[in-house]
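What follows is a single structure, written as structure tokens, with notes after it.
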Amino acid sequence: ERTAQLEPKFALAYAELGNTDLLAFRFLPDDSPRRLEMAKAAIDTALSVNSNLPAAHLANATYYYVGKSDWEKALSALKEAERLSPNDPEVLTLKGAIERRQNRWTEAIADQERAFRIDPRNDRVIDNLCFNLVWVRRYTEADKVGSKLLAIAPE
């Protein structure tokens with residue numbers, strides 16, 4: 001909030017503020033409609049300040065995924081994020097999570113494997129891929145991926 005106040009044209013600050021509000025909405029006992037409105041306002045500001053910022057489109061997709069469970073709008077926002085930043089593992093990881101919710105397992109795993117190839121030391125990327133492999137009962141592959149996760153993040 002302070003960064004956005006000090007630098008009102010810093011779109012990334014607004015995108016991250018929106019993400020922070022979404023984290024509070026999802027994981028803290030503040031799942032109020034007001035928190036969700038705050039997230040959307042910050043994300044919309046980020047998009048209006050810089051409509052070419054991939055992080056703003058990713059935050060927008062996260063809003064529709066986390067806040068609204070609107071998979072189609074989330075995927076639409078991700079298309080723009082992916083167009084602007086085609087090798088962003090965070091975009092691919094979220095896309096895979098949405099596809100998983102749609103029971104599109106082949107696409108979900110393919111996107112998360114691509115994210116893993118791009119960022120093989122990102123524990124969140126590896127964790128999501130492992131989770132998907134377990135869900136489709138590809139246990140041998142999940143075990144290999146899980147071993148990589150344990151080597152990077154043993155805790």
Side-chain angles (χ1 to χ4, degrees), residues 1-102 104 107-132 135 145-146 148-155:
E1 288 176 345
R2 184 78 175 125
T3 302
Q5 291 169 351
L6 292 172
E7 295 290 338
K9 296 293 182 189
F10 187 28
L12 184 58
Y14 289 104
E16 291 303 323
L17 177 57
N19 282 327
T20 301
D21 284 328
L22 289 170
L23 285 170
F25 176 82
R26 186 172 189 184
F27 296 112
L28 298 178
D30 185 4
D31 60 351
S32 68
R34 176 72 183 126
R35 177 62 68 181
L36 205 52
E37 290 168 10
M38 291 166 53
K40 186 62 171 147
I43 293 164
D44 286 347
T45 300
L47 288 167
S48 70
V49 170
N50 184 352
S51 63
N52 290 317
L53 180 67
H57 292 281
L58 179 58
N60 198 34
T62 303
Y63 167 80
Y64 287 111
Y65 175 67
V66 170
K68 297 295 183 179
S69 298
D70 188 332
W71 317 139
E72 293 309 316
K73 283 187 180 177
L75 286 172
S76 179
L78 279 178
K79 280 183 186 174
E80 187 61 13
E82 193 170 18
R83 184 187 71 77
L84 293 166
S85 185
N87 292 315
D88 185 339
E90 297 300 324
V91 170
L92 295 166
T93 297
L94 181 57
K95 187 176 175 194
I98 295 166
E99 291 162 339
R100 177 178 66 227
R101 297 245 185 221
Q102 296 174 318
R104 295 171 45 208
E107 295 97 327
I109 290 170
D111 281 324
Q112 294 192 339
E113 285 175 333
R114 185 167 161 233
F116 176 65
R117 285 191 303 274
I118 293 167
D119 193 358
R121 297 197 52 81
N122 183 325
D123 60 343
R124 198 168 85 74
V125 168
I126 299 168
D127 183 56
N128 273 281
L129 174 57
C130 187
F131 182 78
N132 279 354
W135 270 91
V145 172
K148 292 177 184 179
L149 178 60
L150 288 172
I152 292 168
E155 68 282 356

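Index from 1, following the sequence. All figures in this text were calculated on a predicted structure; none of them were measured in a lab.
To the nearest 0.5 angstrom, D123 atom CG is 12.0 Å from C130 atom SG. Of the inter-residue distances, the one linking N19 atom CG with I43 atom CD1 reads 6.0 Å to the nearest 0.5 angstrom. Taking CD from E82 and CG from N87, the interatomic distance works out to 9.0 Å, rounded to the nearest 0.5 Å. Taking CZ from F116 and CG from D127, the interatomic distance works out to 12.5 Å, rounded to the nearest 0.5 Å. Once rounded to the nearest 0.5 Å, the distance linking CG of L92 with CG of N128 reads 11.5 Å. Here S85 contributes atom OG and N52 contributes atom CG; the two are 12.0 Å apart, rounded to the nearest 0.5 Å.
Heavy atoms only, all atoms of each residue included: V49 and F10 are closest at CG1-N, 4.5 Å. Between Y65 and A74, the shortest heavy-atom contact is N-CB, 4.0 Å. Residues A108 and G96 share a closest heavy-atom pair of CB-O, 3.3 Å. Nearest heavy atoms, A11 versus A46: O-CB, 3.3 Å. The two residues G18 and A39 make their nearest non-hydrogen contact at O-CB, 3.6 Å. Nearest heavy atom pair, residue L22 against residue L36, reads CD2-CD1, 3.8 Å.
Within the 4.5 Å cutoff, no side-chain heavy atoms of V125 are placed close to those of Q112. Side-chain atoms of N60 and K40, non-hydrogen and from C-beta on, do get closer than 4.5 Å to each other.
Within a 6.0 Å radius of CD in Q102, other residues, nucleotides and ligands contribute more than 12 heavy atoms. Residue-environment remark: CD (E7) stays at or below the threshold of 12 foreign heavy atoms within 6.0 Å.
Judged by distance alone, with hydrogens and angles left aside, the side-chain atoms of T62 form a donor-acceptor pair with the main-chain N or O of L58 at under 3.5 Å. Judged by distance alone, the side chain of T20 and the main-chain N or O of E16 form a donor-acceptor pair under 3.5 Å.
Under the 4.0 Å criterion applied to side-chain N and carboxylate O atoms, E80 and R83 are assigned as salt-bridge partners. Classification of R34 and E37 as a salt-bridged pair holds, one side-chain N sitting under 4.0 Å from a carboxylate O.
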message = For a side chain to side chain contact (heavy atoms under 4.5 Å, CB included) check, start with the C-alpha distance between L75 and K79, then their side-chain angles and the critical distance, and finish with the verdict.
response = CA-CA 6 Å; L75 286 172; K79 280 183 186 174; 5.6 Å; no

